[in-house]
Protein chains: 2
Amino acid sequence: MVTNMPQSDRMSFSEAERRGVYRAIFERRDIRAQFLPKPIPDHVLGRLLDAAHHAPSVGFMQPWDFIVIRSNTIRKSVHDCFLEANRQAAEIYTGERRALYESLKLEGILASPVNLCITCDRSREKGAGVGRQSDPDTVLYSTVCAIQNLWLAARAESLGVGWVSILDPRPIARLARDTRGIGARRLSVRRLCFGISGRTGVGIGRLESRESLTRLIHFDRWDQRDEQRAAELFELLPANGAQK
Amino acid sequence: MVTNMPQSDRMSFSEAERRGVYRAIFERRDIRAQFLPKPIPDHVLGRLLDAAHHAPSVGFMQPWDFIVIRSNTIRKSVHDCFLEANRQAAEIYTGERRALYESLKLEGILASPVNLCITCDRSREKGAGVGRQSDPDTVLYSTVCAIQNLWLAARAESLGVGWVSILDPRPIARLARDTRGIGARRLSVRRLCFGISGRTGVGIGRLESRESLTRLIHFDRWDQRDEQRAAELFELLPANGAQK
């Protein structure tokens with residue numbers, strides 16, 4: 001607990017509220033399988049979109065739009081794009097790695113009850129350019145923050161979300177144009193599949209393990225990495241924290 | 001409430017835990033002022049870094065490192081970079097807009113007790129390339145998810161965080177190299193300032209307002225925007241949700 005907080009009770013979190021935030025962060029997983037064939041209630045979907053809409057955005061630009069996709073026809077077209085991108089991606093692996101790669105479940109486009117396409121409009125005028133002149137990609141980062149908000153809120157609602165990253169942006173942008181209305185200027189499109197799921201993982205753990213956090217912490221300068229000093233940050237960490 | 005959840009009690013969130021997640025999301029603000037001159041306890045900093053480290057990352061790549069910066073000398077150099085970038089940024093505004101822009105508090109580099117530099121290493125081999133061949137920038141998005149995790153956890157700890165986006169990446173990368181060790185391959189550097197703060201806002205509301213969420217929701221296709229149908233998603237939303 002932080003004991004020297006100046007905030008009023010109204011501002012500070014109860015133990016249970018704080019635990020909820022860390023649970024959502026630690027228990028969030030990338031879900032692409034075992035979605036149940038149950039619809040997501042409208043008001044829950046509304047809460048998730050509202051959570052996304054409250055992400056930070058550079059200059060309060062709010063560059064996102066949300067396309068809620070239930071149409072099987074559209075999802076089939078997106079799935080075809082995935083199959084092609086994944087076929088190309090698999091080619092860099094050989095032997096056992098290839099077999100392992102091909103056994104991974106990397107999307108849930110058709111299996112999930114809802115897909116969500118989150119766009120990023122770089123040309124939106126809201127925000128008057130504040131904060132995005134030094135690094136124009138900050139507008140993309142704002143959209144990513146919206147996605148992470150939605151992902152954590154979904155965990156709190158016991159819903160599974162998967163981010164499908166194996167999609168060539170070009171055919172996806174063409175597809176978006178084919179369905180009319182997204183001009184070429186709105187290039188950036190991210191896709192999530194989500195639904196009610198009993199699963200908690202995606203299987204990537206078979207391929208890769210969590211890095212030790214103490215190896216990733218530096219003090220003041222890049223060359224001042226000190227694992228022992230870093231470990232001291234975690235001495236009081238409760239047991240529900242994950243492996244360091 | 002979602003009533004048709006298949007999960008066991010162990011998996012689902014209590015009302016208070018769920019409220020904590022939404023509170024963190026709705027009450028998070030970008031804080032750059034009124035930091036109190038109190039240090040952040042080590043174990044709280046540890047929890048925040050652990051939250052960041054549990055972000056999703058493409059192929060479980062975990063491309064981030066965390067530089068915890070308390071040195072005044074280094075913060076002064078970064079602040080000089082901000083002043084130069086901000087001087088250039090201000091030039092696009094004239095008249096009242098210029099005066100308004102110059103009244104905004106856009107960084108807390110020197111005022112906050114801790115700065116955090118979060119790097120993104122595109123060359124890290126963890127993850128074996130899974131998921132990042134179609135869009136190499138997914139590695140950046142992973143780092144942004146880590147930042148958003150930390151930001152929300154900080155809210156739960158009653159700590160204020162500000163993301164300083166008005167920094168030209170080039171001098172910042174040079175500065176990182178001058179402090180030795182960050183090679184050219186680690187180009188992407190984001191900076192946060194954070195500390196204990198009584199403030200809840202940054203003042204951007206004077207410049208820009210929140211967009212209506214119902215205007216940003218589309219159904220199946222970009223050209224199928226339906227504000228009335230979108231509004232139905234929010235009919236059951238509790239009053240603590242923000243303006244639609």
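Proteins get letters first, then strands, A, B, ... in listed order; numbering begins at 1 in each.
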Checklist line | Set of residues satisfying side chain to side chain donor-acceptor pair (under 3.5 Å) with respect to B:Gln148, sequence neighbours excluded | finding: A:Asn149

Student check: side-chain heavy atoms of [X] and [Y] closer than 4.5 Å:
X: B:Pro56; Y: A:Trp163; result: no
X: B:Glu157; Y: A:Arg18; result: yes
X: A:Val144; Y: B:Cys145; result: yes
X: B:Val68; Y: A:His218; result: no
X: A:His53; Y: B:Glu211; result: yes
X: B:Ile67; Y: A:Asp220; result: no
X: A:Asp42; Y: B:Phe234; result: no
X: A:Val130; Y: B:Tyr93; result: yes

Measuring from [X]:[atom1] to [Y]:[atom2], what's the distance to the nearest 0.5 Å?
X: B:Glu17; Y: A:Glu15; atom1: CD; atom2: CD; result: 11.0 Å
X: A:Leu45; Y: B:Leu233; atom1: CG; atom2: CG; result: 5.0 Å
X: A:Leu116; Y: B:Ile217; atom1: CG; atom2: CD1; result: 9.0 Å

Check: So which of A:Ser57, A:Ala16, A:Ala52, A:Ser14 has the biggest tally of heavy-atom pairs under 4.5 Å with chain B?
Finding: A:Ala16

Note to self: Heavy-atom pairs under 4.5 Å with chain B: which of A:Val58, A:Ile92, A:Thr73, A:Thr138 has the most?
What the structure shows: A:Ile92

Next item on the list: Kindly state each residue pair satisfying salt bridge (charged side-chain N to carboxylate O under 4.0 Å, His left out) with at least one member in residues 140-154 of chain B, sequence neighbours excluded.
Entry: none

Next item on the list: With B:Arg155 as the cation and A:Phe13 as the aromatic partner, state whether NZ or CZ is under 6.0 Å from the six-membered ring centre and within 45° of the axis.
Entry: no

Note to self: Using every non-hydrogen atom in the two residues, find where B:Arg23 and A:Met11 come nearest and quote the distance to one decimal.
What the structure shows: NH2-O, 3.3 Å

Next item on the list: Kindly give the heavy-atom pair with the smallest separation between B:Ser134 and A:Ala85, and that separation in Å.
Entry: OG-CB, 3.7 Å

Check: Is it the backbone or the side chain of B:Gln133 that comes under 4.5 Å from a heavy atom of chain A, or both, or neither?
Finding: side chain

Notebook entry, point to check: Angle class for the B:Phe26/A:His54 ring planes (parallel below 30°, perpendicular above 60°, tilted otherwise)?
Noted result: perpendicular

Next item on the list: Go through B:Leu152, B:Val21, B:Asn86, B:Leu216 and name the one with the most non-hydrogen pairs under 4.5 angstrom from chain A.
Entry: B:Leu216

